[in-house]
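Structure provided below as structure tokens; questions to follow.
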Amino acid sequence: MSIDFIVVLFLIGFVGSFLSGMVGIGGSIIKYPMLLYIPPLLGFAAFGAHEVSGISAVQVFFATIAGVWAYRNTGLLNKTLIAFMGTAILIGSFIGGYGSTLLSASAINTVYAVLATIAVVMMFMPRKGLDDIPADQVSFNRWLAAGLAFAVGIAAGIVGAAGAFILVPIMLTVLKIPTRMTIATSLAITFISSIGSTVGKVLTDQVLYGPAAVMVIASLLAAPLGAKAGQKANTKFLQWLLALLILATAMKIWVDILG
């Protein structure tokens with residue numbers, strides 16, 4: 001890799017990981033299209049969908065570790081939710097990550113676009129008063145949470161994501177979890193999910209380790225900074241930022257697929 005290419009990869013990883021730490025996602029919703037489109041736009045060799053999903057899987061693993069560490073003493077990590085959704089999504093993501101070799105590049109991009117579209121719709125669904133619930137009074141349907149996490153894990157494993165960009169809307173609109181707790185807890189669940197998808201990608205030889213290493217270094221630096229910024233930001237701002245990021249990504253992927 002040339003120095004210029006390394007700098008481009010580092011910047012993609014840094015920007016994506018800062019935003020991921022800020023809004024409680026692993027970052028694939030942002031970095032997947034950036035890795036797919038920015039290098040060839042700047043004259044570098046293009047990554048294929050399998051390569052991008054492999055790099056994303058490894059990067060998300062490290063980005064979420066850094067994000068969770070920043071939230072460790074905030075009281076916003078719901079351990080019961082992490083246990084139920086984390087276990088289910090780990091199994092699902094390994095199945096999806098390992099089975100993704102059976103799919104074409106266009107099929108992987110389509111799965112990604114469908115997930116992003118569902119996430120956008122859910123982010124704009126009305127939800128009132130949930131952010132006023134004290135952390136120790138938050139309740140949810142445990143088996144519904146586990147079932148949804150398993151399904152998300154399979155789809156997310158296919159695209160090398162950890163699924164937080166669809167988990168966050170599910171936690172907000174279906175499970176009725178307050179925004180700040182959703183952001184912190186989703187990072188922990190995403191970390192668990194990324195174990196399954198990363199192992200699946202590594203075992204099927206879909207990871208380019210040089211680019212992945214550059215992205216990991218950027219993630220470890222940027223994700224904690226984003227998490228600290230997210231703790232101070234207005235919850236409505238965080239919701240709209242995440243919704244707009246997902247919307248822009250979904251539109252771009254669909255235009256390419258249909259075009």
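Hydrogens, waters and symmetry mates play no part in the numbers below; they use all other heavy atoms, side chains included. Note that the structure is a prediction, hence the values are computed from the model and not measured.
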Next item on the list: Go through the steps for T80 and F140 under the test side chain to side chain contact (heavy atoms under 4.5 Å, CB included), then give the verdict.
Entry: CA-CA 10 Å; T80 304; F140 59 94; 3.9 Å; yes
Check: Quick one: does T185's side chain have a donor or acceptor within less than 3.5 Å of a partner on L76's backbone?
Finding: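 Judged by distance alone, yes, a pair lies under 3.5 Å.
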Check: Taking C-beta and beyond as the side chain, do M171 and M181 meet within less than 4.5 Å on heavy atoms?
Finding: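 Side-chain contact under 4.5 Å: no.
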Check: So do L167 and I89 actually touch side chain to side chain, heavy atoms under 4.5 Å?
Finding: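 Yes, side chains in contact.
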Check: What pair of heavy atoms forms the shortest contact from L35 to P39, and how long is it?
Finding: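 So the minimum-distance heavy-atom pair works out to O-CD, 3.3 Å.
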Notebook entry, point to check: More than 12 foreign heavy atoms under 6.0 Å from CG of L258: is that the case here?
Noted result: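 Enclosed: over 12 neighbouring heavy atoms sit under 6.0 Å from CG of L258.
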Checklist line | Heavy-atom pair of closest approach, residues T173 and P169 | finding: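 Of all heavy-atom pairs spanning T173 and P169, the closest is OG1-O, 2.6 Å.
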Next item on the list: Would you name the heavy atoms of A88 and A146 that are closest together and state the gap between them?
Entry: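 Answer, listing the atom of A88 first, then A146: CB-O, 3.1 Å.
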Notebook entry, point to check: Below 4.5 Å, heavy atoms only, C-beta onward: do I38 and F47 meet side chain to side chain?
Noted result: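 Heavy-atom side-chain distance check fails, nothing below 4.5 Å.
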Check: Are I189 and W69 joined in one hydrophobic group, where the rule is that I, L, V, M, F, W and Y side chains link up if heavy atoms are under 4.5 Å apart?
Finding: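 Not linked; separate clusters.
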Margin query: If hydrophobic clusters are built from ILVMFWY residues whose side chains come within less than 4.5 Å, do F191 and F84 share one?
Written below: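 Different clusters: F191 never reaches F84 through Ile, Leu, Val, Met, Phe, Trp or Tyr contacts under 4.5 Å.
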Margin query: Are I118 and L247 connected into the same hydrophobic cluster when the rule is that any two of I, L, V, M, F, W, Y join if their side-chain heavy atoms are below 4.5 Å apart?
Written below: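 Yes, same cluster.
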Item checked: CG on L187 to CD1 on I192, rounded to 0.5 Å ->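 Answer for the CD1-CG pair, I192 versus L187, is 11.5 Å.
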Check: Step by step, would you call L90 with F150 a side chain to side chain contact (heavy atoms under 4.5 Å, CB included)?
Finding: CA-CA 8 Å; L90 175 61; F150 178 75; over 6 Å; no
Notebook entry, point to check: Got I177 and L172 here, is their nearest side-chain heavy-atom distance under 4.5 Å?
Noted result: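 Sidechains of L172 and I177: no contact.
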Notebook entry, point to check: Atom CG of L203 and atom CD of Q206: how far apart are they, to the nearest 0.5 Å?
Noted result: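 Result: 10.0 Å between the selected atoms.
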Next item on the list: Answer yes or no: is there a side-chain heavy-atom contact under 4.5 Å between I82 and L77?
Entry: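 When only atoms from C-beta onward are counted, L77 and I82 do touch, with a gap below 4.5 Å.
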Check: Going hydrophobic residue to hydrophobic residue with side-chain gaps under 4.5 angstrom, can you get from W143 over to L175?
Finding: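 No; tracing contacts between hydrophobic side chains, which count when under 4.5 Å, never links both residues.
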Notebook entry, point to check: Between I170 and V152, is any pair of side-chain heavy atoms under 4.5 Å apart?
Noted result: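 Touching, per the 4.5 Å side-chain cut-off.
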Note to self: side chain to side chain contact (heavy atoms under 4.5 Å, CB included) for V58 and Y209? Distances and angles first, verdict last.
What the structure shows: CA-CA 9 Å; V58 174; Y209 292 100; 5.6 Å; no
Note to self: Could you measure the distance from the CG atom of L41 to the CG atom of L36? Nearest 0.5 Å is fine.
What the structure shows: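 Interatomic distance, L41 CG to L36 CG, rounded to 0.5 Å: 11.5 Å.
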Notebook entry, point to check: Do W254 and V114 pass the side chain to side chain contact (heavy atoms under 4.5 Å, CB included) test, and can you show the C-alpha distance, the side-chain angles, and the key distance before you say yes or no?
Noted result: CA-CA 9 Å; W254 277 122; V114 169; 3.9 Å; yes
Next item on the list: Verify, without hydrogens or angle tests, whether S17 (side chain) and F14 (backbone) share a donor-acceptor contact under 3.5 angstrom.
Entry: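 No; zero donor-acceptor contacts below 3.5 Å.
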Check: What pair of heavy atoms forms the shortest contact from F10 to A218, and how long is it?
Finding: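 The answer is O-CB, 3.4 Å.
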Next item on the list: Nearest 0.5 Å please: distance from the CE atom of M85 over to the CG atom of N78.
Entry: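 Atom-to-atom, M85:CE and N78:CG are 10.5 Å apart.
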Check: Which residue, L9, V8, V7, forms the side-chain contact (heavy atoms from CB on, under 4.5 Å) with L11?
Finding: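 It is V7; the other options fail the test.
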Checklist line | Cluster overlap V15 with L42, hydrophobic side-chain contacts below 4.5 Å | finding: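 Yes; tracing contacts between hydrophobic side chains, which count when under 4.5 Å, links both residues.
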Check: Are the side chains of F5 and V214 in touch, meaning some heavy atoms are under 4.5 Å apart?
Finding: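 Side-chain contact under 4.5 Å: no.
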